[in-house]
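This report concerns only the one structure given below.
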Amino acid sequence: MLAVEKKVEQITARDVDFGKWYTDVVKKAELVDYSSVKGCVILRPYAQALWENIQKTLDGMFKDTGHENVAMPLFIPESLLQKEKDHVYGFAPEVAWVTHGGTEPLTERLCVRPTSETLFCEHYARIIESHRDLPKLYNQWCSVVRWEKTTRPFLRSREFWWQEGHTIHATAEEAMEETLRMLDVYATFCENTLAMPVIRGEKSESEKFAGAERTFSIECMMHDGRALQSGTSHYFGDGFARAFNIQFTDRDNKLSFPFQTSWGMSTRIIGGVIMTHGDDNGLVLPPKVAPKQIVIVPVAAHKPGVLDAARALKDRLSAFRVTIDERDQSPGWKFAEHEMKGVPLRIELGPRDIENGVCVMARRDTGEKITAPLEGVEKAVADLLDSIQSDLFTAAKKNLETRTRSALDYDTFKALAGEGGFVRSMWCGGEACEDKVREDTGMKSRCTPFEGDALSDTCPVCGGKADRVMVWGDQY
RNA sequence: CGGGGUGUGGCACAGGUGGUAGUGUGCUUGGUUCGGGACCAAGAGGCCGUGGGUUCGAGUCCCACCACUCCGACCA
């Protein structure tokens, strides 16, 4: 006698093979589909809805800090891209070129934007004359192209969607203030909206953005112990302004170069959400960005009164993003599917509940089932969603903390490196030490964190004098 | 870019030595079910990744390319 085996479509266990698990979730949760061009994915409605929620919140934060949206062209003439030499050097290896218009070769080839600093600079040079024209606080939502060799949905694709903020100011102080303000916006957004705790800090000389004077980032810790750079903010000084000849007449009637910033966050953050909160049953989405916050699953939907009760419940919960799953499938099938898609809260409603004036609420994050009275359900749901949001953050924070450890000497450093996560150490600031760490451990410098005290005054790598902390980690 | 793996109905896979393309699931229709991936019946659905080559004949053999995937290198 053979045991009856249920044919359950399963995903790879998260902690067995993280990479495979990630790909399984991305596909089975219906986030993306592949296109026929390597590294170019299709954001399916569920991923697009998630991205739109991210956009909505972030865009609001940009508006609140005085920014305006613009739309820049897709193409950059080669000569324009080449005006800032560090910038070209950084991006040239991975730009895609347009060489023909129809069948005619172009006199100058056009680069498909990998980032739009040069376009903004060209524009600023034309529209800025006086200190009265400053600052300009611009942002654009668009896609960019970087011809990556290895690709992975969300984390590394050849075309990806993002926002890029580009601002220009009369003084260095003001530009630096803006740089840090926007890093803070990203950090707040990650922590409050995506429930992803971050480390804020400054990039090393070798890791900073091509053409930037200083680069700041927020670094997140994924569930497998690898780091994900989740947002960056760059201070350009007046380097781009000089390269692009952007000048303005200041209050003293002198010609001056303005100071610039740029900052970006991309669909890569969706990969971060997946790898921060997901589990063996699939995606787990923070309520604040989940396309569906609540799904109502009617049980025995054919029985009189059940669907009506479910619809009435949905109406009462209209303050939330709520749907009823009325499809002709068994409840168990629906449970599994909504879990795969990470819907934060499931409400089961069947004849038994209706009779008792209750419903069953199942949390996606913990699996906990709570029987709650229908009376006052709005409040119960609101509280539960709040709890889920904050509990996700707490869990991720714990992961970040337990995976962040300090090393005073190089032997400890190497031992900790082998265990994954972030390693904090002092650092002399030398690139030679960064290279050595990479060779010995595979870790790269992530950032010098804003928070935290010095551990000593010695660089454990070279033994030289060290005046700063560095956080190291294996990255995505 | 280096190493490994994969490409056959929507999905997951099978198709020794070349000879008319299969299974499961899903899908459609009808019916019975419904508190953790239900069941019965009848149906529809395949340029075998692409392009060459060998052959009377290629899913199968050879070459090239493309894409996906894992590991590494590289990289904002």
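In what follows, chains are A, B, ... by sequence order, proteins preceding strands, each numbered from 1.
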Show the distances under 3.5 angstrom between N or O atoms of the protein and N or O atoms of nucleotides 1-10 of chain B.
none

Can you tell me if R226(A) uses its side chain to pair, donor with acceptor, with the backbone of Q475(A) under 3.5 Å?
yes

Base, sugar-phosphate, or nothing: which does P114(A) touch, judged by heavy atoms less than 4.0 Å apart?
nothing

Both distances under 3.5 Å, Watson-Crick or G-U wobble: report the partner of C13(B), or none.
G22(B)

From U69(B), G36(B), C34(B), nucleotide with atom closest to P331(A) side chain
C34(B)

Please determine whether a side-chain nitrogen of the Lys or Arg among R200(A) and E451(A) lies less than 4.0 Å from a carboxylate oxygen of the Asp or Glu.
no

Mind calculating the distance between CD (E439(A)) and C1' (G72(B)) to the nearest angstrom?
15 Å

Tell me every residue that passes side chain to side chain contact (heavy atoms under 4.5 Å, CB included) with Q163(A), counting only those two or more places apart in sequence or in another chain.
F62(A), N139(A), W141(A), Y186(A), W263(A), M265(A)

Calculate the interatomic distance between L349(A) atom CG and C34(B) atom P; express it in whole Å.
16 Å

Between D33(A) (CG) and A67(B) (P), how many Å, whole number?
16 Å

Which of residues 358-372 of chain A have a heavy atom under 4.0 Å from RNA chain B?
V360(A), K369(A)

Watson-Crick or G-U wobble partner for G43(B), using a 3.5 Å limit on both distances?
C27(B)

Enumerate the protein-to-nucleotides 28-33 of chain B contacts in which both atoms are nitrogen or oxygen and the separation is below 3.5 Å.
{"unit_1": "U33(B)", "atom_1": "O4", "unit_2": "D328(A)", "atom_2": "OD1", "d": "3.3"}

Find which nucleotide of RNA chain B each of P351(A) and G19(A) is nearest to by heavy atoms, and output the residue with the more 5' nucleotide.
P351(A)

P-based separation of C62(B) from G24(B) [nearest Å]:
31 Å

With a 3.5 angstrom cut-off on both distances, give the Watson-Crick or G-U wobble partner of C1(B), or none if there isn't one.
G72(B)

Ring pair (Phe, Tyr, Trp, His ring centres under 6.0 Å) partners for F244(A), two or more places apart
none

Once you apply the 3.5 Å cut-off to both distances, tell me the Watson-Crick or G-U wobble partner of A38(B), or none.
U32(B)

Considering only atom P, compute the distance from U50(B) to G4(B) and round it to an integer number of Å.
25 Å

For nucleotides G59(B) and G3(B), find the distance between their C1' atoms and express it as a whole number of Å.
27 Å

For the atom pair NE2 (H277(A)) and CG (L392(A)), what is the distance rounded to the nearest 0.5 Å?
5.5 Å

Which whole-number value in Å describes the distance from F154(A) CZ to C68(B) C1'?
16 Å

Provide the distance between the two C1' atoms, one in U8(B) and one in U60(B), to the nearest whole Å.
11 Å

Provide the distance between the two C1' atoms, one in G9(B) and one in A14(B), to the nearest whole Å.
14 Å

Pairs meeting criterion salt bridge (charged side-chain N to carboxylate O under 4.0 Å, His left out) with involvement of residues 204-214 of chain A, two or more places apart
E202(A)-R214(A), E205(A)-K208(A), E207(A)-K444(A)

Between Q475(A) and K303(A), which is nearer to the 5' end of RNA chain B once each is assigned its nearest nucleotide?
K303(A)

Give G39(A) one of three labels, base, sugar-phosphate or nothing, depending on what nucleic acid heavy atoms sit under 4.0 Å from its own.
sugar-phosphate

Between R152(A) and C68(B), does any side-chain N or O lie under 4.0 Å from OP1 or OP2?
no

Could you check if a side-chain atom of M182(A) sits within less than 4.5 angstrom of a side-chain atom of T261(A), using non-hydrogen atoms only?
no

Taking any heavy-atom pair under 4.0 Å as a contact, classify T115(A): base, sugar-phosphate, or nothing.
nothing

Determine the interatomic distance between C1' on C70(B) and the same-named atom on C27(B); round to the nearest Å.
32 Å

Can you find a donor-acceptor pair, distance only, under 3.5 Å between R156(A) side chain and C75(B) base?
yes

In this structure, OG of S425(A) is separated from CZ of F413(A) (nearest 0.5 Å) by 4.5 Å

Euclidean distance for P, G7(B) against G49(B) (whole angstrom):
8 Å

Could you state the CZ-C1' distance from R438(A) to A73(B), rounded to the nearest angstrom?
11 Å

Give one of base, sugar-phosphate or nothing for E337(A), where a contact means two heavy atoms less than 4.0 Å apart.
base

Using a 6.0 Å distance limit plus a 45 degree cone around the ring axis, check whether K136(A) lies over the aromatic ring of Y124(A).
no

Nearest whole angstrom, please: distance from the C1' of C75(B) to the CZ of F91(A).
10 Å

Separation of the P atoms in A21(B) and G46(B), to the nearest angstrom
13 Å

Close side-chain approach of V295(A) to K341(A), heavy-atom, < 4.5 Å:
no

Of all residues at least two apart in sequence or in a different chain, which pass the side chain to side chain contact (heavy atoms under 4.5 Å, CB included) check with D15(A)?
H223(A)

Closest to the side chain of R158(A), out of A67(B), C70(B), C68(B), is A67(B)

Is any side-chain heavy atom of I54(A) closer than 4.5 Å to a side-chain heavy atom of I270(A)?
yes

Phosphate OP1/OP2 of C27(B) contacted by Q329(A) side-chain N/O (<4.0 Å):
yes

Here the ring-ring contact (aromatic ring centres under 6.0 Å, His included) pairs for residues 322-347 of chain A, sequence neighbours left out, are none

May I ask you to evaluate whether R346(A) reaches the phosphate of G35(B), defined as a side-chain N or O under 4.0 Å from OP1 or OP2?
no

Is the CD atom of E375(A) crowded by more than 12 outside heavy atoms at less than 6.0 Å?
no

Under-4.0 Å salt bridge between R364(A) and D279(A)
yes

Does R146(A) reach a base, just sugar-phosphate, or nothing at all? Heavy atoms under 4.0 Å.
sugar-phosphate

Between C75(B), A38(B), C68(B), spot the one nearest the side chain of E148(A), thanks.
C75(B)

Please name the nucleotide paired to U6(B) by Watson-Crick or G-U wobble geometry with both distances under 3.5 Å, or report none.
A67(B)

For F236(A), ring pair (Phe, Tyr, Trp, His ring centres under 6.0 Å) partners two or more places apart:
F209(A), F240(A)

For E419(A), give me all partners under side-chain hydrogen bond (donor to acceptor under 3.5 Å, both in side chains), at least two apart in sequence or on another chain.
R405(A)

Can you sort out which residues in residues 233-244 of chain A have a heavy atom within less than 4.0 Å of RNA chain B? Ascending by number, please.
none

All ring pair (Phe, Tyr, Trp, His ring centres under 6.0 Å) counterparts of F320(A), not counting sequence neighbours:
none

Closest to the side chain of A300(A), out of C34(B), C68(B), G35(B), is C34(B)

K38(A) vs C68(B): side-chain N/O to OP1/OP2 distance below 4.0 Å
yes

